Asker: 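One structure, pasted below without further comment.
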Amino acid sequence: ATVDEFVNPQNRGETAKILLYWQSFLSDLILLKFGGAKTGLINTDLAIELDNLTSLIPTGDNFGKILDELKRINLSLRRNVHIRSAIADLVIKIQRQLNQSA
């Protein structure tokens, strides 16, 4: 249901923008988790929320798997994959990685 609320299956460009936003969000989380410098944040308006979420960022293999999934979905969008199911699959896989790292 949540995927249906923010993904328009008829608009690949919009979905690509959402994925770019997720990537920037993840990039900010990485910066805070491993670098600690808030000056390089992309989403400066979310600095407090991002800082609170750093404890959820996995280290090691789990983190690498999340990045791999984001790359995979970007490639899949270019190959005419069904958007809604691809995003739902991505969300489930990220959730699993976060749960395994907790």
Side-chain angles (χ1 to χ4, degrees):
T2 302
V3 171
D4 287 340
E5 291 174 18
F6 71 87
V7 173
N8 178 354
Q10 306 303 317
N11 190 333
R12 290 186 183 283
E14 182 180 304
T15 302
K17 285 180 185 179
I18 290 168
L19 289 173
L20 284 174
Y21 176 73
W22 285 2
Q23 288 172 328
S24 75
F25 191 79
L26 231 161
S27 176
D28 285 346
L29 286 171
I30 294 165
L31 178 68
L32 290 173
K33 174 85 174 192
F34 301 106
K38 292 183 181 181
T39 56
L41 291 178
I42 297 167
N43 301 289
T44 55
D45 57 324
L46 300 174
I48 294 169
E49 292 87 349
L50 287 162
D51 200 33
N52 291 334
L53 290 172
T54 56
S55 64
L56 297 176
I57 296 300
T59 57
D61 288 343
N62 290 35
F63 178 71
K65 288 177 184 175
I66 289 173
L67 293 177
D68 288 344
E69 288 302 323
L70 283 169
K71 289 177 192 173
R72 182 190 60 77
I73 191 75
N74 276 321
L75 287 173
S76 295
L77 283 176
R78 292 185 212 143
R79 294 184 182 138
N80 207 25
V81 71
H82 186 268
I83 293 173
R84 190 173 285 143
S85 60
I87 295 292
D89 182 56
L90 172 68
V91 170
I92 290 167
K93 287 180 177 178
I94 289 174
Q95 184 66 39
R96 280 188 195 140
Q97 293 306 317
L98 293 175
N99 287 340
Q100 287 178 4
S101 69

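If you're wondering where the values come from, they're calculated on a predicted model, not measured in any experiment. Numbers here are sequence positions counted from 1.
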Asker: Out of curiosity, L32 CG to S27 OG, how far, rounded to the nearest 0.5 Å?
Answerer: 9.5 Å
Asker: Check this for me, if you would: do E14 and K17 make a salt bridge, where the nitrogen-to-carboxylate-oxygen distance has to be below 4.0 angstrom?
Answerer: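 Not counted as a salt bridge, because no side-chain N and carboxylate O are separated by less than 4.0 Å.
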Asker: Step through the shown structure and confirm whether more than 12 heavy atoms of other residues, nucleotides or ligands are within 6.0 Å of CD1 on I48.
Answerer: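 Result for CD1/I48: open.
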Asker: Do the side chains of Y21 and L19 join up, straight or via other hydrophobic residues, at under 4.5 Å, putting them in one cluster?
Answerer: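 Looking at the clustering, L19 is in the same group as Y21.
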Asker: Salt bridge or not between D89 and K93? Use side-chain N to carboxylate O under 4.0 Å.
Answerer: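 Looking at K93 together with D89, the answer is yes, because their closest N to O distance falls below 4.0 Å.
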Asker: Looking at S76 and V81, what are the two nearest heavy atoms and their distance?
Answerer: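 The answer is O-CG1, 3.1 Å.
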Asker: Nearest 0.5 angstrom please: L77 CG to R79 CZ, how far?
Answerer: 10.5 Å
Asker: Rounded to the nearest 0.5 Å, what separates atom CH2 in W22 from atom CG in N74?
Answerer: 11.0 Å
Asker: Any chain of hydrophobic side-chain contacts (each under 4.5 Å) joining I83 to L20?
Answerer: no
Asker: When you measure from the side chain of D28 to the backbone N and O of L41, does any donor-acceptor pair fall under 3.5 Å?
Answerer: no
Asker: When rounded to the nearest 0.5 angstrom, what is the spacing between CD1 in I30 and CD in Q23?
Answerer: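 The distance works out to 10.0 Å.
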Asker: Could you tell me the separation between the CG atom of L46 and the OG atom of S24, rounded to the nearest 0.5 Å?
Answerer: 8.5 Å
Asker: I42 and L50: same hydrophobic cluster, using ILVMFWY side-chain contacts below 4.5 Å?
Answerer: no
Asker: Going through the checks in order, is the side chain to side chain contact (heavy atoms under 4.5 Å, CB included) test met by I18 and I87?
Answerer: CA-CA 10 Å; I18 290 168; I87 295 292; over 6 Å; no
Asker: About how many Å separate CD of E49 and CZ of F25, when rounded to the nearest 0.5 Å?
Answerer: 8.0 Å
Asker: For D68 and L70, run side chain to side chain contact (heavy atoms under 4.5 Å, CB included): C-alpha distance rounded to whole Å, both residues' side-chain angles, the deciding distance at 0.1 Å, then the answer.
Answerer: CA-CA 5 Å; D68 288 344; L70 283 169; over 6 Å; no
